[in-house]
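The block underneath contains the structure these notes are about, expressed in structure tokens.
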Amino acid sequence: METPPLSSLYQQLILEHYRNPRNKAELEEKSVEIHMANPVCGDEVRLQLRITDDQIEEAKFVGQGCSISQAAISMMTTLLHGCSLADAKILAECFTKMMQGDPDAAKDKRLKDLRALQGVSKFPVRIKCALIGFDALQEALKTHAKEETS
Amino acid sequence: MTTATFDPVTIRREFPTLEQSVNGRPLVYLDNAATSQKPRVVLDALRAYYENDNSNVHRGIHELSRRATVAYEESRAKVAGWVGAAEPSEIVWTRGTTEAINLVSTAWGLDNVGEGDEILISVLEHHSNIIPWQLLARRTGAVIKYIELDQQGRWILDELPRLLTDRTKVVAISHVSNALGTVNPVKRVAAAAHEVGALVLVDGAQGAVHMKVDVQELGVDCYAFSGHKMCGPTGIGALWARRDLLDSMEPYQGGGEMIHFVGRDESSWATVPHKFEAGTPNIAGAIGMGTAIDFLSGVGMDAIAKHERELLKYALERMSAVDGIRIYGPQSPDEHSALISFTLGDAHPHDISTILDSEGIAVRAGHHCAQLAMQHFGISATARASIYLYNTESDIDRLIEGLEQVQGIFA
């Protein structure tokens, strides 16, 4: 399979988030923290959320890895502030669908800057990089739900 | 082919995989430390075995089985000659280097290492020469000690007298680092280890590939290596160990072919090396590895080593001039095997690899199964370009062009 042009992968917005990640810090008061790593390539994220009454008040992360993984996490956290848990779940599902090549998901305006990552779906070996942040988010939502019910 | 006529361009034509374009550009394969490509003779040997001689070894009393057994054992003799074994029975077939190390850490380790005993390895090791010893330590209560690295990724040997004690039972070290390319002073460490009575195992996965290895001259007890990194098939490798050591060890796995006599309560074992080869082995793989050895011997290991050294010097020179590059490992080509581990500005190694791939250039990016070495340098990954006999200066030129692309994108 031919690799599509690199310009579809390395968009300026992605490189900008890679260099100046948003919300990259430790959260002082956190409701849930998820550590996610890809042992194959070394991408790593610790995602921290502060949740009150089914709403994400704050989202921060600490991590390291390639431009795709770190930019995706950075963009994701910017959308999580003030986001309801239900909306966060929809966001994660929508982004995952976009990575699977779903053209409708890629048009979803709720993804905002994250749509810059659409091109990653054409680079199969890099999809995991883009998904690590949202995988952590989905895990965090599950963990939080479990803690609430117990 | 003889040494006098060594020409990488001619050699290259023997490798069908290299005759292709990737992403619209002729393939530049610089991931040889992960696995080498296979010459046509090896592919032909695998096919010929399955088409003409396929049968089980050491079992049937029929013609095909005889032929398969002869070819299989001839290959063992070739592998023995390859590393300077005293006799073919000192070669045990394994799935590769990893299984060879696990064989020793298990079959020898469980009977010879106890609580409070010490295992000495280095920070530079591949995970396959760390984890088997950690597993052994967990089961026996032994302690693992480490040879540390200097800033060029070389062992710090000043500490060796302190690290080797009368509790040191085994020293397990790599001949050549897969992560940094460091050629390690194995002989010196082996001599010191023997003074305290420790067993010396060498991970030769990156060693026997590029240079003539003589286990007698190295003065070690075990040498583990793989076929697939030296033009052979995957799934086959070998453990060389001194005959007396193999004789003293319990079997690694039980099954067919490794027995002498089976009784209800007690059984006895076949002689070395068959004692360690339970089950139907990778016969085709063994034959393929023998053929790879014939191929490399035909080209000439001295000529290959010379070519790789010249190309490494060229690559080091050109790559050092790339703005923002950091090359890890020894700076002198004399302490360096044919691979270069590097980072480039703030481009993550995976991004480097993706950009190079779009130009048809294959390199490795990641921790190279050497996380301890990466931690030593405070990084999580590097990009790695590794050279073999069929690489040329033009491959290096293409790599440099690719790195300029990376600079352009991450400017």
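Here is the naming used below: chain letters follow the sequence lines, and residue numbers restart at 1 for every chain.
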Greater than 12 external heavy atoms within 6.0 Å of [X]'s [atom1]:
X     : atom1 : answer
A:R19 : CZ    : yes
A:R22 : CZ    : yes
A:K30 : NZ    : yes
A:D53 : CG    : no
B:E19 : CD    : yes

- request: Give the member of B:D357, B:T354, B:I409 that has the highest number of heavy-atom pairs under 4.5 Å with chain A.
  value: B:T354

- request: Taking the side chain as every heavy atom from C-beta outward, state whether A:Q64 and B:I379 have any pair of such atoms under 4.5 Å apart.
  value: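 A:Q64 vs B:I379: side chains apart.
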
query: Side chain, backbone, both or neither: which part of B:A365 has an atom under 4.5 Å from a heavy atom of chain A?
result: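 It is neither, since no heavy atom gets under 4.5 Å.
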
field: Minimum-distance pair of heavy atoms, taken over all atoms of B:H348 and A:Y18
entry: N-OH, 3.5 Å

query: Taking all atoms of both residues into account, what is the closest heavy-atom pair of A:C66 and B:H350, and its distance?
result: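 Of all heavy-atom pairs spanning A:C66 and B:H350, the closest is CB-CB, 3.9 Å.
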
message: Is A:P39 in contact with chain B via its backbone, its side chain, both, or neither, using a 4.5 Å heavy-atom distance?
response: backbone

